[in-house]
There are 2 protein chains.
Amino acid sequence: MKIIPNLSVDCVVFGFDLTKLNILLTKRELRDPETDALLFTDYTLQGHHVLENEDLDNAANRVLKEKTGLDSIFLEQFHTFGDTDRIKNPKDMLWVKNIYPTVTNQVITVGYYSLVNSAKIHPDKKHEDTMWFPAENLPELGFDHAEIIDKALSCLRIKLSREPIGFELLPEKFTLSQLQILYEAVLGRKYDRRNFRKKITQLKYIIPLDEKQTGVAHKPAQVFIFSKDVYERTKKDKLGFPI
Amino acid sequence: MKIIPNLSVDCVVFGFDLTKLNILLTKRELRDPETDALLFTDYTLQGHHVLENEDLDNAANRVLKEKTGLDSIFLEQFHTFGDTDRIKNPKDMLWVKNIYPTVTNQVITVGYYSLVNSAKIHPDKKHEDTMWFPAENLPELGFDHAEIIDKALSCLRIKLSREPIGFELLPEKFTLSQLQILYEAVLGRKYDRRNFRKKITQLKYIIPLDEKQTGVAHKPAQVFIFSKDVYERTKKDKLGFPI
DNA sequence: TCAAAAGTGTTGACATTACACCCATGT
DNA sequence: ACATGGGTGTAATGTCAACACTTTTGA
């Protein structure tokens with residue numbers, strides 16, 4: 001299958017480990033083709049060129065499946081990056097010349113972000129060089145991927161403050177504290193525990209189970225599930241008042 | 001300047017005539033190259049292929065400048081459309097084959113919307129075949145432009161309910177009723193006049209002038225201006241509570 | 001003098017914030 | 001027994017929704 005040389009997708013994979021927000025990155029190395037000397041090393045998002053006769057969304061799904069093994073997970077297009085000087089860093093130009101000699105110097109990339117429960121990816125097994133980094137503490141990034149991640153995060157924040165998508169980052173059964181930590185981690189603010197619980201428990205689509213946490217060295221918490229079905233049935237698309 | 005055959009931008013130009021929300025469309029006709037018989041006619045967004053060595057955002061600005069004469073107006077990228085079957089209607093395939101024979105059958109388009117005060121465009125003069133249509137009552141559209149407009153409108157709604165961008169659609173000096181009608185037209189809901197005014201007048205960046213409407217057959221309204229400067233200085237990026 | 005939109009305040013319901021103590025479990 | 005996070009209520013404040021009459025102008 002031939003690639004489309006001037007069109008790629010990049011996926012910002014967000015994960016939550018019940019403590020903090022993480023981003024999945026892949027190690028990139030460039031070695032001199034003759035001497036094999038290590039020229040540089042850094043990290044990049046999971047990306048690939050779109051293939052001929054492939055829908056954009058499918059390209060993003062394919063990349064995700066290849067890099068994480070996960071299928072049919074939450075995936076949302078957030079922005080397209082098309083400045084002609086996107087690849088301006090000398091190391092990136094060198095890398096492109098070595099790895100994709102057929103690629104033009106004007107590549108636009110469509111950014112997607114996806115949300116996964118970190119526990120579902122075991123990067124050590126399949127892809128040694130693909131690993132989680134805390135969103136707050138990322139390593140050196142290739143290309144314009146720092147910019148792409150910034151934009152992804154700000155789009156995720158807006159989305160999360162409008163729609164209940166946080167559950168995509170949690171195990172199916174979760175506690176209210178885990179949910180609160182998730183919101184705090186993504187939105188970068190704190191919530192009062194009582195007020196948070198009050199708010200959440202009045203939502204009909206967050207359903208308490210007759211089940212408690214086990215194996216924790218403190219009072220076990222009640223577990224909840226999210227019902228997308230109930231949400232879809234009861235949501236009312238109200239837009240905020242003008243700012 | 002050569003075009004990039006598989007990459008285009010489409011601009012959804014929103015205008016407000018102090019009454020309702022409008023969208024700028026261009027008439028498209030295809031005639032049989034031999035008999036000159038009219039094969040079909042419909043309307044399309046303002047779009048064009050991106051040029052080699054042109055930034056995406058610049059391409060959108062160029063298209064807008066060419067089609068409306070306007071420069072440096074509000075322009076926001078909202079979504080990229082990249083399904084392989086985007087051009088599936090027979091009339092569209094026919095049109096592409098006639099007009100852009102070099103173009104591949106897999107073209108992705110980056111959607112932008114822009115906001116203009118309708119009064120600033122006099123389509124009759126420059127472009128007879130480019131005209132305003134009420135957003136609520138659009139004619140038959142080519143390609144997937146109905147879908148693109150839907151998405152643009154829903155993105156505009158979300159943006160408008162988060163940020164004060166409505167002023168881009170208004171004359172520099174406006175009345176509170178005009179602002180209210182604008183919000184009602186875009187968001188598709190009604191506001192109580194007293195509550196709306198209460199809310200707006202407490203915003204420091206909407207500044208009353210010592211000036212009144214003239215030439216109206218009723219009590220003249222006070223006029224206001226929007227200060228982007230004051231807004232930028234006083235805004236606090238608060239994200240909503242989880243839904 | 002009439003028509004048309006401008007302008008103006010109060011009240012009740014609801015949502016948001018702030019805040020402190022006891023509980024159940026594993027070690 | 002202790003450390004850890006779970007679970008709970010109330011009062012003050014702020015925000016939102018509903019509602020009707022008078023004013024100013026041009027025609």
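Proteins get letters first, then strands, A, B, ... in listed order; numbering begins at 1 in each. Note: hydrogens, waters and symmetry copies are ignored here, and every other heavy atom, side chains too, is used.
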Are more than 12 heavy atoms, taken from residues, nucleotides or ligands other than E211(B), located less than 6.0 Å from that residue's CD atom? yes

Report which part of the nucleic acid Q213(A) touches: base, sugar-phosphate, or nothing (heavy-atom distance under 4.0 Å, all strands). nothing

Are the ring centres of F167(B) and F174(B) closer than 6.0 Å? yes

Can you tell which of N61(B), D57(B), D10(B) makes a side-chain hydrogen bond (donor to acceptor under 3.5 Å, both in side chains) with Y112(B)? D57(B)

R197(B) has an atom CZ; how far is it from atom C1' of dG9(C), in whole Å? 13 Å

What is the distance from OH of Y191(B) to P of dG7(C), rounded to the nearest Å? 19 Å

Name the orientation class of the two ring planes belonging to [X] and [Y] (parallel below 30°, tilted from 30 to 60°, perpendicular beyond 60°).
{"X": "Y231(B)", "Y": "F226(B)", "result": "tilted"}
{"X": "F81(A)", "Y": "F78(A)", "result": "perpendicular"}
{"X": "Y191(B)", "Y": "F196(B)", "result": "tilted"}

Trace of the side chain to side chain donor-acceptor pair (under 3.5 Å) decision for T130(A) with T26(A): CA-CA 4 Å; T130(A) 295; T26(A) 298; 3.0 Å; yes

Please examine the side chains of Y205(A) and K235(A), heavy atoms only from C-beta on, and report whether any two atoms are closer than 4.5 Å. no

Under a 4.0 Å heavy-atom criterion, the protein footprint on nucleotides 19-27 of chain C, written with B, S and -, is BB--BBBS-

Name the first nucleotide and the last nucleotide along DNA chain D (5' to 3') that come under 4.0 Å of a heavy atom in chain B. dC16(D) to dG26(D)

